[in-house]
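Structure first, commentary second.
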Amino acid sequence: MQKPSLPEGTRDFGPEQARRRAFIFDTIRSVFVKFGFQPIETPAMENLSTLTGKYGDEGDQLLFKILNNGDYLKAADAEVLASKNSARLVPQIAKRGLRYDLTVPFARFVVMNRHALTFPFKRYQIQPVWRADRPQKGRYREFYQCDADVIGSDSLHYEAELIQIYDEAFAKMNIPVTIKINNRKVLYGIAEAAGVADRFVDMTVAIDKLDKVGIEGVRKELTERGFAAEAIAGIETTLAAPSWEALRPVFSNSETGRKGLDELERVFQFLKKTRLQNAVQFDITLARGLTYYTGCILEVAANGVQMGSIGGGGRYADLTGVFGMPGLSGVGISFGADRIYDVLEMLERFPETLADTVRVLLMAFDEPTHAYAFECLCRLRAAGIPAELYPEPGKLKKQFEYAAKCNIPFAAIIGETEMQTGTMTVKDQQTGEQRSMPVEEWIEALSKQV
RNA sequence: GAGGUUGUGGCUCAGCCGGUUAGAGCGUCGGAUUGUGGUUCCGAAGGUCGGGGUUCGAGCCCCUCAUCCUCCCCA
């Protein structure tokens, strides 16, 4: 016999957890639907060629590869095999991989289905993704993303809409959050203003850590990455700007930077037309790892909780370009359902109403009454009352214990007398109250309570 | 990829400087006049301690594997 176990970074979900997760998914989905997004689903696995090169070198490392079927080593090049070079061997023995996020599969979907889609196309997708990351708190190897993206329009009102979605969904889930916004063009402007436009990516990686390591840490990191002292000084003064409006003069020589500011301004203009329940905050240090973002970038942090971001997204000018469909702009967001779960648990904000659903447990004494009880069971269910019949007739003690453990609020005793009179004796497990009535009347009484 | 933590009955854990038959709580099962629970009482079953090694002898030492956590990066 072997001891069962789970792969690192994966989890089972019991009934209570599964219900709570369903609550999260349902809440997010309802907001997506309200904002006009349509559901799609894509396969868990994609061709490796679809996935590789989309997430940077680190991302490629974190892809789960699926070994080819059959005698896959036979098909591999002997020389590559002998070289023991994994990077070279992988494409020869694995042609598929598990999806790393939902955005790239979505881009693939759009390209393949362009004939059937009407643009702008708004889709949502709630499915698991896999990353071969080292697991730790709030980080799993299998987790769900809940994505909403609009593709085929560069209107900034969608950015505002997506922020509204974040705001509304987290309000519904009772999690106070801060929605952070920045713009990749602003980051580029910083680099341009400091004369290090060619080192743009390195720079953003460094300043992304500002809130974590402080300005000293950023300075150190930039130095280590080989930035000149005057460039670092330039970056620092820009970061110190009190507001995004204050960046205008700094970006006098950066058209891209000014464009970024214009975009932010537009988004805030839209947002002024609505009332939000959470704060939207410009955060110049917000960078986000994914290389394909080109415009606004968003990230959501739960207030007062030690937890990485519980949502993120942004604008990508040309995501479908790599798949042969250039010029299609998209913007999207993602909810990290698993982290949201952890936050809700830490904050104890799950609704109490997510209880077990079975309302009545029927109990019988012997075969004849069990058969009659089954008939009653069917009638209850037909009336829409979630009911359950204890499988073995006999001792009530056992049956009552079962009802108590399963949190079933009503226990219906069905014996000789009940069978002959067409009644049920129902006990309210909470109050201990118990009385007999015809089955029909119980059905009526119990349906009202739901 | 680097560092740390933990690994004992179904679950949560205890186990002093290595030394005779490894403990507890919860849970499970049975019982306290067989049409009544969640309270109580009594009793029982169930581990050879992740795997391998060192040692006269190991749950406590070494190795290995797994887990979780931290860094990197990210949801």
Side-chain angles (χ1 to χ4, degrees), chain A residues 2-11 14 24 28 55-63 86 99-103 126-147 166 204-206 208-209 212-213 217 221 224 287-291 298-302 306-314 332-343 361-366 369 373 390 393-419 424-434 436:
Chain A
Q2 59 160 333
K3 195 152 92 176
S5 63
L6 238 34
E8 188 180 8
T10 66
R11 296 121 339 130
I24 294 171
I28 293 170
Y55 310 104
D57 289 342
E58 291 252 9
D60 285 354
Q61 303 260 310
L62 300 182
L63 284 173
S86 304
R99 64 166 166 252
Y100 179 91
D101 71 358
L102 299 178
T103 309
I126 298 176
Q127 291 191 283
V129 303
W130 294 268
R131 295 184 189 178
D133 218 345
R134 195 50 60 93
Q136 47 187 281
K137 196 204 297 272
R139 174 181 293 186
Y140 309 98
R141 287 187 149 179
E142 176 185 68
F143 61 96
Y144 270 71
Q145 287 191 333
C146 312
D147 277 26
Y166 268 144
T204 56
V205 170
D208 189 34
K209 296 175 185 162
K212 211 167 182 177
V213 299
E221 171 132 7
E224 279 167 7
R288 296 196 55 79
L290 297 180
T291 48
L298 297 166
E299 197 163 287
V300 182
Q306 193 69 31
M307 174 66 73
S309 72
I310 53 178
I333 54 169
S334 180
F335 287 79
D338 299 80
R339 283 189 177 175
I340 292 170
Y341 184 102
D342 292 346
V343 169
L361 178 71
L362 310 198
M363 327 177 164
F365 292 96
D366 48 29
T369 49
Y390 195 80
K395 287 191 180 170
L396 286 190
K397 179 184 164 71
K398 258 193 132 133
Q399 308 196 44
F400 268 103
E401 273 175 2
Y402 181 79
K405 277 179 190 157
C406 298
N407 292 313
I408 300 171
F410 295 98
I413 303 160
I414 294 165
E416 192 74 20
T417 330
E418 287 81 2
M419 181 165 69
M424 294 196 312
T425 299
V426 176
K427 179 175 180 178
D428 182 326
Q429 290 283 86
Q430 207 112 63
T431 64
E433 232 176 296
Q434 178 173 320
S436 298

Do [X] and [Y] touch side chain to side chain, with heavy atoms closer than 4.5 Å?
X	Y	value
A:Ile408	A:Gln429	no
A:Gln434	A:Thr425	yes
A:Arg131	A:Tyr140	no
A:Ile333	A:Tyr166	yes
A:Arg99	A:Trp130	yes
A:Asp338	A:Arg11	yes
A:Ile413	A:Phe365	yes
A:Met363	A:Phe400	yes

By the 4.0 Å heavy-atom rule, please label [X] as base, sugar-phosphate, or nothing.
X	value
A:Val205	sugar-phosphate
A:Glu299	nothing
A:Gly9	sugar-phosphate
A:Gln61	nothing
A:Ser5	nothing

For [N] versus [M], give the span between their [atom1] atoms, rounded off to a whole number of Å.
N	M	atom1	result
B:rC42	B:rG4	P	49 Å
B:rG23	B:rG30	C1'	24 Å
B:rU64	B:rC71	P	25 Å
B:rC61	B:rC69	P	24 Å
B:rC13	B:rC49	C1'	13 Å
B:rG10	B:rG47	C1'	11 Å
B:rC60	B:rU6	C1'	14 Å
B:rA22	B:rG50	P	15 Å

Smallest heavy-atom separation, A:Val343 atom then A:Ala302 atom, equals CG1-CB, 3.9 Å
If you look at every heavy atom in A:Leu362 and A:Ala373, which pair is closest and at what distance?
CD1-O, 3.3 Å
With no angle test and no hydrogens, is the base of B:rG38 tied to the side chain of A:Gln430 by a donor-acceptor pair under 3.5 Å?
no
Looking at B:rC74, does its base get a donor-acceptor pair with the side chain of A:Arg339 below 3.5 Å?
yes
Tell me: [atom1] of [X] to [atom2] of [N], nearest whole Å?
X	N	atom1	atom2	value
A:Asp133	B:rC73	CG	P	11 Å
A:Asp338	B:rC74	CG	C1'	13 Å
A:Asp428	B:rG37	CG	C1'	13 Å
A:Gln434	B:rG35	CD	C1'	9 Å
A:Ile340	B:rA75	CD1	C1'	9 Å
A:Glu8	B:rC65	CD	P	13 Å
A:Leu62	B:rC73	CG	P	12 Å
A:Ile413	B:rG35	CD1	P	11 Å

Below 4.0 angstrom, N of the basic side chain to O of the carboxylate: do A:Glu433 and A:Lys427 qualify?
no
Under 4.0 Å between a side-chain nitrogen and a carboxylate oxygen: does that hold for A:Arg139 and A:Asp133?
yes
More 5' along RNA chain B: A:Glu58 or A:Ser334, using each one's nearest nucleotide?
A:Glu58
Both A:Phe365 and A:Leu6 contact RNA chain B. Which one's nearest nucleotide lies toward the 5' end?
A:Phe365
Nearest to the side chain of A:Arg134, heavy atoms from C-beta on, is which of B:rC69, B:rG35, B:rA75?
B:rC69
Per atom distances to the A:Lys395 side chain, the nearest of B:rC73, B:rG31, B:rU67 is B:rG31
A:Tyr55 vs A:Tyr100 aromatic rings, parallel, tilted or perpendicular, using cut-offs 30° and 60°?
tilted
In residues 396-407 of chain A, which residues come under 4.0 Å of RNA chain B by heavy atom?
A:Leu396, A:Lys398, A:Phe400, A:Glu401, A:Ala404, A:Lys405
Listed in order of residue number, which residues of residues 135-145 of chain A have a non-hydrogen atom at under 4.0 Å from RNA chain B?
A:Pro135, A:Gln136, A:Lys137, A:Gly138, A:Arg139, A:Tyr140, A:Phe143, A:Gln145
Just checking A:Phe335 against A:Tyr144, ring centres under 6.0 Å apart?
no
Does RNA chain B take part in any stems of at least 3 consecutive Watson-Crick or G-U pairs (both distances under 3.5 Å), and if so, which ones?
B:1-4 with B:68-71, B:10-13 with B:23-26, B:28-32 with B:40-44, B:50-53 with B:61-64
